[in-house]
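Every chain is numbered from 1 and lettered A, B, ... according to where its sequence line falls, protein lines coming before strand lines.
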Amino acid sequence: MLEASLSGLAALFTGQAMIFMSLGVAFGLLIGFLPGLGGVVAMALLLPFTFGLEPAAALAMLLGAHVATIFGSSISGILFNVPGAAKSVSICFDGYPMTQKGEGARALGAAAMASFLGGIFGAIALTISLPFMRAIMMSLGPPEYFMMALWGLTIIAIFSDGSVLKGIIAAGLGLLIAFIGMDPVTGTPRYTFGSLFLLDGIDFSVAVIGLFAISQMIKLYVKGGSIVEREINMGHSTVWDGVKDVFKHWRLVLSSSVLGLFIGALPGVGASIGGVAAYGQAVQTSKNPEKFGTGAVEGVIAPEATNAANEGGGLIPTLGFGVPGGESMTILLSAFVTMGIQPGKELITNNLHLVFTMVWIIVIANLLTTGFGIFTAKKFAKLTTLPGTVLIPVILAVCFVGAYSVKGRIGDVVVAAVFGVIGYLLEKYDYSRADMVIGMVLGLMLERYMHISLTLHGKLFFVTRPVTLVMLIFVLITLAYPFIRKWRLSRNGGAV
Amino acid sequence: MFKRKSAFVAILLVLVLILGSLTGCGAKQTSNDNKQPAAQDKPYYDGKTITLIVPNSPGKGMDTYARMIVPYIQKYSGAKDIVVKNLTGAGGLVGTNTLWSSKPDGLTIAFTSIPSLMLAQMSGSDGVTFDATKFTYIGRASTEPRILTVGGKSSINSAEDLTKLGRNFKFPTQGTDEDFFTMATLAKSLGFKLKAITGYEGNADTAMAVVKGEGDGHITAIMDAKTMIKEGDKKAILVVGMERSKEYPDVPNALEVIKDENGKQMMQGIVNMLEMHRSFFGPANMDENATKALREAVWKALNDPELIQKAEKAGTPITPMKGEEVQQKVAKVVEASQHLRPVLKEAVQSTK
Amino acid sequence: MSKKLENNVVALVLLVIFIGFLYLSFNYSAKARLVPVPIAIASIILIIIQLLIQNFAKNFDLSVDPSQLFKATQNEAAVTNQEARKNVQVKKQGGGKETTGIGLVLLFLAMILLIGMMPAIFLFVLGYFIILGQEKWLKALIYTAICEASIYFLFVTILNVHMYEGLILKMFLG
């Protein structure tokens, strides 16, 4: 195994592989930075350029780009509240408030480091888990996916961003918006008013551009000035604070990475859920859950580590079964075909060095992005001190173009604008946008897997399967947790 | 790092230049080629711009095919430019509706999966404004046979076992796509009971369901099932296509095992539809000269050795069929449609 | 409008939206409405409770979380945070009206729809720089040109996006 690992690494130390990986990483950072576009787009655009390259170089470019998009989209999310890709929306929840507090550089540093550790962890776990991941994947099914979605929803109850009641209402709105379009179970067009555009539903990444980025620009206009005033920024936080934060919260990094790995490994559980779940898990395990949403560094670390670890996770079913663990993995699979790589047991027994090449690519690409992140964070953070009169028109323009580019539909530009206004109003009146987004992410997943579970396992599916039952109990504990805490606090208070 | 970015930009620019010069050379060659046959004084498309509507997302399978082939069509048609326009939405209906209502002057054509369109129309989907049997078919770029697979541990080993199952065949599916309708028709014509479990997120999701044994089996492209069949995670039961597949010569073709005459006709209709798979097509009653010129250009393009080699390398093989032949297949589909329509509608109804 | 009235309007709009969803749900088959209906009903109940709390609960402070029972430490953080925000706000000047802010976004949207993506961006960005940013003509023009060129390069050249041309151009071309 060590031998295979070394020969996998050696394959990367050719001029070609290194150059193409750097190109991929640079491209990935750029695409990630642009609103609405993520790893799938980056890989799809690079795929044609890989024909004719040697496998190591081709994989280096594709995977390198994919890895880099994660941090790339976090940069725009943290600094401008413009999530670069749908799956990094949860980084905005705390990343942007940190920037507003003048801790942009710290947030970026933390994100870069968390992404690095998460990525490495994902790569290592990929290596270790290949043999037995199969068993885990085989034991989880639709009822468990349903429970995961349900658990995701309970995060709302412990969310501190504004009023809890209003938060749940916002989540309800998000859930209902998720149901607009063709129903995945019965094929019924719902809430479309006969429009073909709405038949495809509200595109999540477009809605997020509106809810967070455009609404923020309206807010910035109303407020005047710039995102961060120069006096505040000249201060107390540095990139290294962020890096240190990550090591301080190493347990969180670890648990978030495990979560990311699992979510990546399960086809049918979308990557956008990863960030949300990681965030919820961070809130839950934190000693100060009330700080979340106001610029807690844990809120940046957790989703970033999860998203980075997702990578290794997504490769598990892709390499082990030939089943793509996500949309971007479909592109990787088609690249395998060109290279004559056949996934499955054969790959692991005969071409193990190739698996290790991929592991090393993830490691090195993460190293490159993190290096980039740490050394440029300060410069990027300065961008936020630009006056609003410069930022607003430019960011609005990029947001609209980004929304249009997601699917090339002009209707999406309208959606982005409408959600911009909705987002502004929701925030003004304390209806949490984050909760609404969580509802939007989980709506269809909840519905899909509930229906499938009902058909497969009957009405009592949540008690007849042991794994599901355990998860249900976990969900209930999550729900009851705030009350238990309150009770414990009051008891302690009474004792003093 | 910024240096690296500019290096990347530089390489991109170089690539663009190379591509540009390549197509430029191509254009020159065309003018030479056209002198030899001299059948027409001036080719119909000389100096004109064609818009190619691709109703699918950029970067995905269908779009990759279109963009790979387009330069060659340009080369052989003599067109000044071919603009690829991705008009996505409603499973391809938006782009196809647009094509249906565009001028039949041959300057607007489309490329997508024909069976999806026909099945959407025949099953009475909302939002269909076109009649897929009336389109002007220009040529097929590729098709791949589909295969019915079951889980590796399933008790089903042959088509016969399907009918002897004694319970519903659980069929995980992502919705009412062509594989869903193929499965419904297969069940009807072979005479086994089907329980479609809708709501799965995609092919990967349904494949896992079959491997795990949550569902009994499903239909996919052979390419997507290869690894799992080889690993023993799945078993191949039936090939859906004109003949047996070269890769699995022992697996019978669906048309071989269907005894019922009506069933055979229905299945033949579906197979014909599937055969048309990735095709170029124009609006109904397209200009005759344009149709002739374009069919010829597309046929030549699809037989260009350079393109074939490129396609092979990219894992997106070309299996060309002449436009006239595709058009004839439509007639067969129409013939079978009387029997098919109720089956398809019933299948849709069963998911509600 | 007073803050209370505004809050009521927002809640009422949400109530109408939820009722709309519920009403539409009954057009669909039992299976298709299985999940949306309970969610819509729950949302309606919650928004009504919210309305009641807003209007009838005593000592209700709009800026404070009404569900203190969930979190004992919530208020402290919220208050300090709000104080911080207020401090920041005092320092800054040059804010605009809310309706103008929303209007600008809608104006930009209308421009894109009418004259197409790239021209609209050029005009909007340039106009914003000159009118609201009070930049000099030449400087504004240079900035706008850089912005336009970067967007064009990134999205059209590299990403191969076919930009929307606008309704006016479409009308001329038929």
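With a 4.5 angstrom heavy-atom cutoff, C:Ala42 does not touch chain A via any of its atoms. Heavy-atom distances place both the backbone and the side chain of A:Leu176 under 4.5 Å from chain C. Heavy-atom distances place the side chain of A:Phe179, and not its backbone, under 4.5 Å from chain C. Of the atoms belonging to A:Val413, heavy atoms from both backbone and side chain fall under 4.5 Å from chain C. Only the side chain of A:Val185 comes within less than 4.5 Å of a heavy atom in chain C; its backbone stays farther off. Of the two parts of C:Leu154, only the side chain, counted from C-beta on, holds a non-hydrogen atom closer than 4.5 Å to a non-hydrogen atom of chain A. When heavy atoms are compared at a cutoff of 4.5 Å, C:Ser25 approaches chain A by way of both its backbone and its side chain. Only the side chain of C:Ile112 comes within less than 4.5 Å of a heavy atom of chain A; its backbone N, CA, C and O stay farther away. Heavy-atom distances place the side chain of C:Glu135, and not its backbone, under 4.5 Å from chain A. Only the side chain of C:Ile121 comes within contact range of chain A, judged by heavy atoms closer than 4.5 Å. Of the atoms belonging to C:Ile151, it is side-chain heavy atoms, and not backbone ones, that fall under 4.5 Å from chain A.
To the nearest 0.5 Å, the span separating CD1 on A:Ile410 from CG on C:Leu109 amounts to 7.5 Å. Note that OH of A:Tyr431 and CG of C:Asn7 are 6.5 Å apart. Values are rounded to the nearest 0.5 Å. Atom OG1 of C:Thr99 sits about 11.0 Å away from atom CD1 of A:Ile218, to the nearest 0.5 Å. In this structure, CZ on C:Phe155 lies 12.0 Å from OH on A:Tyr404, to the nearest 0.5 angstrom. Interatomic distance, C:Leu46 CG to A:Ile168 CD1, rounded to the nearest 0.5 Å: 6.0 Å. Distance check: A:Ile392 CD1 to C:Phe108 CZ gives 12.5 Å after rounding to the nearest 0.5 Å.
Nearest heavy-atom pair across C:Val35 and A:Met450 is CG2-CE, 3.9 Å. Heavy-atom minimum distance, C:Lys97 versus A:Tyr221: O-CE2, 3.4 Å. C:Val105 and A:Ala417 make their closest contact through CG1-CB, 4.2 Å (heavy atoms, listed as atom of the first residue, atom of the second, distance). When all heavy atoms of C:Val125 and A:Ala397 are compared, the pair lying nearest together is CG2-CB, 4.3 Å. In terms of heavy-atom proximity, C:Glu6 sits nearest to A:Lys428 at OE1-NZ, 3.5 Å. Closest heavy-atom contact between A:Val394 and C:Phe129: CG2-CZ, 4.1 Å.
Each of A:Ile180, A:Leu37, A:Thr186 has some count of heavy-atom pairs under 4.5 Å with chain C, and the biggest count is that of A:Thr186. The residue among C:Ile17, C:Asn27, C:Thr100, C:Ile44 with the most heavy atom pairs within less than 4.5 Å of chain A is C:Thr100. When each of C:Leu34, C:Leu104, C:Leu106 is scored by its heavy-atom pairs under 4.5 Å with chain A, the top score falls to C:Leu34. Taking chain A as the reference chain and counting heavy-atom pairs below 4.5 Å, the highest number among C:Phe124, C:Phe18, C:Tyr143, C:Tyr128 is found for C:Tyr128. Most heavy-atom pairs under 4.5 Å with chain A: of the set C:Ala11, C:Ala140, C:Pro36, C:Ser29, this distinction falls to C:Pro36. When each of A:Gly187, A:Pro393, A:Ser405 is scored by its heavy-atom pairs under 4.5 Å with chain C, the top score falls to A:Pro393. Contact count against chain A (heavy-atom pairs under 4.5 Å) is highest for C:Met163 among C:Met163, C:Arg33, C:Gln134, C:Glu148. Here A:Leu396 is the residue among A:Leu396, A:Leu454, A:Asp183, A:Leu446 with the most heavy-atom pairs under 4.5 Å with chain C.
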- Task: Before giving the answer on side chain to side chain contact (heavy atoms under 4.5 Å, CB included), spell out for C:Leu14 and A:Leu173 the whole-Å C-alpha distance, their side-chain angles and the decisive distance to 0.1 Å.
- Result: CA-CA 8 Å; C:Leu14 281 172; A:Leu173 184 65; 3.9 Å; yes

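Side-chain contact between A:Val414 and C:Leu113: present, with at least one pair of heavy atoms (C-beta onward) separated by less than 4.5 Å.
Side-chain N or O atoms of A:Arg190 include none that pairs as donor or acceptor with a backbone N or O of C:Tyr28 at under 3.5 Å.
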